[in-house]
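Reading through the structure tokens given below for one structure.
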Amino acid sequence: MKNTVHDLPIKERFDLPEGVIYLDGNSLGPLPKGTSERLQFMLTEEWGGHLITGWNRDGWMEQPARVGNQVARLIGAPDGSVTIGDTLSIKVYQALSAALKMRPRRRVILSDSGNFPSDLYMAQGLIGQLDQGYELRIVDPEEVADAMDETVAVAMITQVDYRTGRMHDMNAITLAAHTAGAVMVWDLAHSAGAVPVDLVASNSEFAVGCTYKYLNGGPGAPAFIYVRRDIAETVDPALAGWLGHDAPFAFELDYRPAPGIGRMRVGTPPVMQMTALEHALGLWDSVDMAKVRRASVALSDCFIREVEARCPALTLVSPRDSAARGSQVSFAFDNGYAAMQALIDRNVIGDFRAPNIMRFGFTPLYIDEADVRKAVDVIEDVINNGLWKHDKYKKQALVT
Ligand SMILES: *Cc1c(COP(=O)(O)O)cnc(C)c1O
């Protein structure tokens, strides 16, 4: 069936197992077709055939900038303002350190209780390392704008809540931060490729995100970091690695940051993983984010309507208002872990987040309304007929 998002039958451009309804692209995007062939070429021809000359000949060294531009297009950022590398946790640390340095007299990092724990942990670790009286202030998501005051150095906020899908108004929060004199750091982990983002319009100083979720870069794909053009020449990159140096191959004894976003690079890029990502991002060339958003809202609304009508035991924990929701829908159910295992056993793949949340992601590139309806049929069967009660669904795995 042709997907209605745009003119391409884009569902056919993913290698999804037959019969599986994949509602977890918000956690790990599926494999785009052609990735295996591209990687095979990279391994045998580029690495195997060209050896170290691949860094120049195959463009490995410029890959972080090149792929950064592909991501930039999806988040409303100009060319040359995004680079790729490391993991999201590392990029959070870098952005946060650089942002704190911009407000040396302030001591508060403001975040909210809906943030992903790794972001909070990185802030806590950084505060311990600095040992200068910094404080992480965590407020309820609804209170973020009101909590901006003259003590806040940096607001570090994840736009879309990983558990509930609740989405912050990026422009309003950034404006509140700037009005209070704070620097803004956005985490776009659940936004990039899911909802239209306009970083330039928001005027945020920093943004970070990962590429293995909606961008389909594969497990462990490197993260991205954006720095606003006017400050990119002066920010302190915090992690002073040789590939963020102005002249890495001059091998100087002292660190001098590269001009612009290049300074946010650290060490040698993961070329294999970046090659998979570069291929995956090629899929987006023909995709209009506004259309993706319209389709994801339609699919999510349909899912909510059907589940609520047919499974009264499940309680919606995502915002009902689609304007306040990203591209995922979550329901609370006390036996959510076992229920999700029972769904996965029946080829409907979502995931579970403690303590009781069943999470479903809607990615219109490869999910259509027929999939949503089929998934709800299975959910109805599992929940209403207690199919989750089987012992084999109770043992919690390492990754939920
Ligand atoms: C997925 C996610 C992470 C994961 O960080 P990694 O370093 O890539 O493991 C961090 N923060 C947020 C907000 C996320 O959604």
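Just follow the structure's listing: the first ligand is 1, and inside any ligand the first atom is 1. All residue numbers refer to positions in the sequence shown, counting from 1.
- Contacts between Asp187 and ligand 1, counted as non-hydrogen atom pairs separated by less than 4.0 Å, involve the side chain only.
- Within the 3.5 Å criterion, the main-chain N or O of Lys394 finds no donor-acceptor partner in the side chain of Gln341.
- The protein heavy atom nearest to atom 11 (N) of ligand 1 is Asp119 OD1, 2.6 Å.
- Nearest to atom 4 (C) of ligand 1 by heavy atom, out of Tyr212, Tyr93, Tyr162, is Tyr212.
- The number of heavy-atom neighbours closer than 6.0 Å to CD1 of Ile52, taken from other residues, nucleotides and ligands shown, is 12 or below.
- Taking the charged nitrogens against the carboxylate oxygens, Glu46 and Arg38 do have a contact shorter than 4.0 Å, which makes a salt bridge.
- Looking at ligand 1, you won't find any N or O of Ser118 less than 3.5 Å from one of its N or O atoms.
- Annotation for ligand 1: atoms under 4.0 Å from non-hydrogen atoms of Thr158 are 13 (C).
- The shell of residues lying under 4.0 angstrom from ligand 1, judged by heavy atoms, includes Lys213.
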Apply side chain to side chain donor-acceptor pair (under 3.5 Å) to the pair Thr151 and Arg137, showing each step before the final yes or no. CA-CA 11 Å; Thr151 65; Arg137 191 176 292 162; 3.3 Å; yes
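- Here Asp187 does not pair with Lys91 in a salt bridge; the nearest charged N to carboxylate O distance is not below 4.0 Å.
- Judged by distance alone, the side chains of Asp345 and His390 never bring a donor and an acceptor atom under 3.5 Å apart.
- In summary, the side chains of Glu205 and Thr174 do not present any donor paired with an acceptor at a separation below 3.5 Å, with no hydrogens or angles considered.
- Interface atoms of ligand 1 facing His190, defined by a heavy-atom separation under 4.0 Å, are 15 (O).
- Nearest non-hydrogen protein atom to atom 7 (O) of ligand 1 is Ser89 OG, 2.6 Å.
- When each atom of ligand 1 is checked for a heavy atom of Ala189 under 4.0 Å away, the hits are 12 (C), 13 (C), 14 (C), 15 (O).
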